Each structure stands twice: as C-alpha cells, then as structure tokens.
Amino acid sequence: MNQYEKYTKDPSETFQLASNLAGLLQPGDVICLEGDLGAGKTTFTKGLAQGLDIKKTVNSPTFTIIKEYKGRLPLYHMDVYRVADSYEDLGFDEYFEGDGVTVVEWAHLIEEQLPKELLTIYLYHEGPEKRKMVFVPKGKRYEQLCKEIFLNDHTSD
C-alpha cells in the first residue's frame with residue numbers, strides 16, 4: 001500500500017491543501033482524519049469545506065458527533081471520539097453511501113463500520129506550526145486521488 005507525505009509550515013497551508021483536495025472529491029468519498037490532538041484535523045476539514053463552496057462556519061462536532069453542511073457537495077463531518085461502543089448503530093453507513101463527502105475524525109474508534117475503500121490522513125505535530133501529514137489510500141479511487149493532489153499541490157514542502 002502506497003502512502004504519501006506532506007509537510008505544511010502553518011495552518012494556512014494545511015487549510016489550502018485540503019481546499020485543493022476538495023476540488024477532486026466526489027459523492028460517497030470518505031476521508032478519515034487521525035493524529036495528534038491539536039494537529040489540524042478541524043483546520044483540514046475547514047479547508048475541505050471551503051473547497052466544497054460551503055459558506056457556513058465549520059467547527060468540531062465533538063458533542064453532536066455528526067454535523068452536516070451544504071455546498072457543491074454535502075459535507076458530513078463526524079467526530080467519533082465520544083462514541084462509547086464501536087458497534088453502536090448511529091447510521092454511519094447511510095452517510096458513507098450518501099451523496100456527499102464524509103470526514104471522520106478519530107475513525108479508528110469505529111473501524112468495523114468504515115467502508116473498505118477510503119482515504120486516511122494522519123496529522124502530526126512537527127513544531128509549533130509545522131505539520132506532517134501522511135495520506136494512506138485504500139482502493140484505486142483513493143490511490144488516484146492522492147496522485148492527483150500530490151501532482152498538483154503547490155504548497156511548500
């Protein structure tokens with residue numbers, strides 16, 4: 001399985017990379033965000049939202065689990081950190097198979113419910129502002145998506 005690494009020097013670059021990725025997304029795409037607390041998972045999601053032409057302010061759905069936003073494609077933003085039972089049926093599959101893009105923070109907590117094909121992005125602190133992102137695609141669709149985003153990415157390394 002291939003993986004792709006990217007370093008961003010500040011939150012604005014993380015935001016811009018996600019916004020660029022959003023331009024390539026299709027209905028039914030699933031992106032899982034993992035990594036350090038405060039490493040930029042919500043910043044990344046805000047960038048996706050901008051790239052999907054979402055006007056509403058995006059924030060972490062920590063206490064509501066799922067927030068929905070309308071744009072060029074709907075964005076389903078999930079934070080499953082507080083899901084007590086990974087087998088709890090909260091209807092995740094309806095989102096994964098829906099007409100929008102699903103972003104799942106702390107996705108490893110519901111691993112059994114995730115689709116087989118998806119893109120996982122790990123975000124790590126590399127300094128006060130610098131972040132390391134590791135993109136791990138599962139499936140041909142996501143492998144191609146990574147190739148496209150990394151070929152066209154103009155944020156600094």
Side-chain angles (χ1 to χ4, degrees), residues 3-81 92-110 113-115 117-126 129-157:
Q3 67 180 35
Y4 302 81
E5 291 184 5
K6 179 68 183 166
Y7 291 86
T8 57
K9 66 180 179 186
D10 58 38
S12 67
E13 281 192 356
T14 300
F15 184 96
Q16 188 59 52
L17 179 64
S19 182
N20 294 346
L21 173 62
L24 302 171
L25 295 177
Q26 300 173 359
D29 281 343
V30 177
I31 298 173
C32 298
L33 301 177
E34 298 281 359
D36 299 335
L37 281 172
K41 291 181 286 295
T42 301
T43 297
F44 192 91
T45 304
K46 288 178 179 185
L48 283 175
Q50 176 187 284
L52 292 172
D53 300 323
I54 292 168
K55 304 301 181 208
K56 191 172 177 186
T57 301
V58 172
N59 51 36
S60 183
T62 302
F63 295 102
T64 56
I65 301 177
I66 301 169
K67 286 190 176 180
E68 297 183 27
Y69 301 94
K70 294 187 184 338
R72 177 179 62 80
L73 293 173
L75 175 65
Y76 310 124
H77 184 196
M78 302 178 181
D79 183 331
V80 297
Y81 187 76
F92 294 133
D93 55 329
E94 293 175 27
Y95 290 98
F96 300 146
E97 297 167 8
D99 59 353
V101 173
T102 304
V103 174
V104 185
E105 295 186 33
W106 306 105
H108 69 278
L109 296 172
I110 61 164
Q113 296 185 50
L114 295 172
E117 296 191 2
L118 51 79
L119 175 61
T120 300
I121 303 170
Y122 297 88
L123 293 97
Y124 303 104
H125 294 281
E126 290 286 315
E129 299 287 317
K130 188 175 180 181
R131 299 295 183 259
K132 175 182 178 182
M133 292 186 280
V134 179
F135 289 63
V136 181
K138 291 183 184 172
K140 289 181 182 179
R141 158 87 184 120
Y142 297 100
E143 182 69 38
Q144 186 59 39
L145 190 62
C146 284
K147 288 178 182 174
E148 287 183 47
I149 192 67
F150 279 81
L151 278 174
N152 298 315
D153 179 39
H154 300 293
T155 58
S156 67
D157 278 319

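Note that the structure is a prediction, hence the values are computed from the model and not measured.
- Looking at every heavy atom in both residues, D36 comes nearest to Y124 through OD2-CA, 3.4 Å.
- In this structure, the side chain of D29 engages the main chain of Q26 through a donor-acceptor pair within 3.5 Å.
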Item checked: CA sep, side-chain torsions, deciding dist, call: F44, T8, side chain to side chain contact (heavy atoms under 4.5 Å, CB included) -> CA-CA 11 Å; F44 192 91; T8 57; over 6 Å; no
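- The ring pair (Phe, Tyr, Trp, His ring centres under 6.0 Å) check on Y122 picks up nothing, with sequence neighbours excluded.
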Item checked: Step-by-step side chain to side chain contact (heavy atoms under 4.5 Å, CB included) determination, Y69 to T57 -> CA-CA 9 Å; Y69 301 94; T57 301; over 6 Å; no
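- For P27, the side chain to side chain contact (heavy atoms under 4.5 Å, CB included) partners two or more places apart in sequence, or in a different chain, are L73.
- At least one donor-acceptor pair under 3.5 Å links the side chain of E34 to the backbone N or O of A107.
- Judged as a side chain to side chain contact (heavy atoms under 4.5 Å, CB included), and not counting sequence neighbours, the contacts of L145 are L21, L24, L25, L119, R141, Y142.
- Taking all atoms of both residues into account, the shortest heavy-atom contact from K41 to G35 is NZ-O, 3.3 Å.
- Under the rule for a ring pair (Phe, Tyr, Trp, His ring centres under 6.0 Å), the partners of Y4 that lie at least two apart in sequence or sit in another chain are F150.
- Atoms CE and CG, from M78 and L109 in turn, are 13.5 Å apart once rounded to the nearest 0.5 Å.
- Once rounded to the nearest 0.5 Å, the distance linking CD1 of I149 with CG of L17 reads 5.5 Å.
- We find the NZ-CE distance between K6 and M133 to be 7.5 Å, quoted to the nearest 0.5 Å.
- Partners of K46 by salt bridge (charged side-chain N to carboxylate O under 4.0 Å, His left out), not counting sequence neighbours: none found.
- The line from NZ of K130 to CG of D10 is 11.5 Å long, rounded to the nearest 0.5 Å.
- A side chain to side chain contact (heavy atoms under 4.5 Å, CB included) with V104 holds for exactly one of D79, V80, T120; it is V80.
- Residues that satisfy the side chain to side chain contact (heavy atoms under 4.5 Å, CB included) test with Q50, not counting sequence neighbours, are F15, S19.
- The shortest heavy-atom contact between V30 and P115 is CG2-CG, 3.8 Å.
- In this view, E68 and Y95 satisfy the side-chain hydrogen bond (donor to acceptor under 3.5 Å, both in side chains) rule, not counting sequence neighbours.
- Side-chain N or O atoms of N20 include none that pairs as donor or acceptor with a backbone N or O of G23 at under 3.5 Å.
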Margin query: Walk me through whether K140 and E117 qualify under side chain to side chain contact (heavy atoms under 4.5 Å, CB included).
Written below: CA-CA 8 Å; K140 289 181 182 179; E117 296 191 2; 5.8 Å; no
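- Distance alone, capped at 3.5 Å, places no donor-acceptor pair between the E126 side chain and the Y7 backbone.
- Here the shortest heavy-atom pairing between L114 and L118 reads CB-CD2, 3.8 Å.
- For the residue pair L75 and A49, the shortest heavy atom distance occurs at CD2-CB, 4.0 Å.
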Next item on the list: Decide side chain to side chain contact (heavy atoms under 4.5 Å, CB included) for H125 and R131; before the verdict, give the C-alpha distance in whole Å, the side-chain angles of both, and the deciding distance to 0.1 Å.
Entry: CA-CA 5 Å; H125 294 281; R131 299 295 183 259; 3.3 Å; yes
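- Under the side chain to side chain contact (heavy atoms under 4.5 Å, CB included) criterion, D53 pairs with R72, not counting sequence neighbours.
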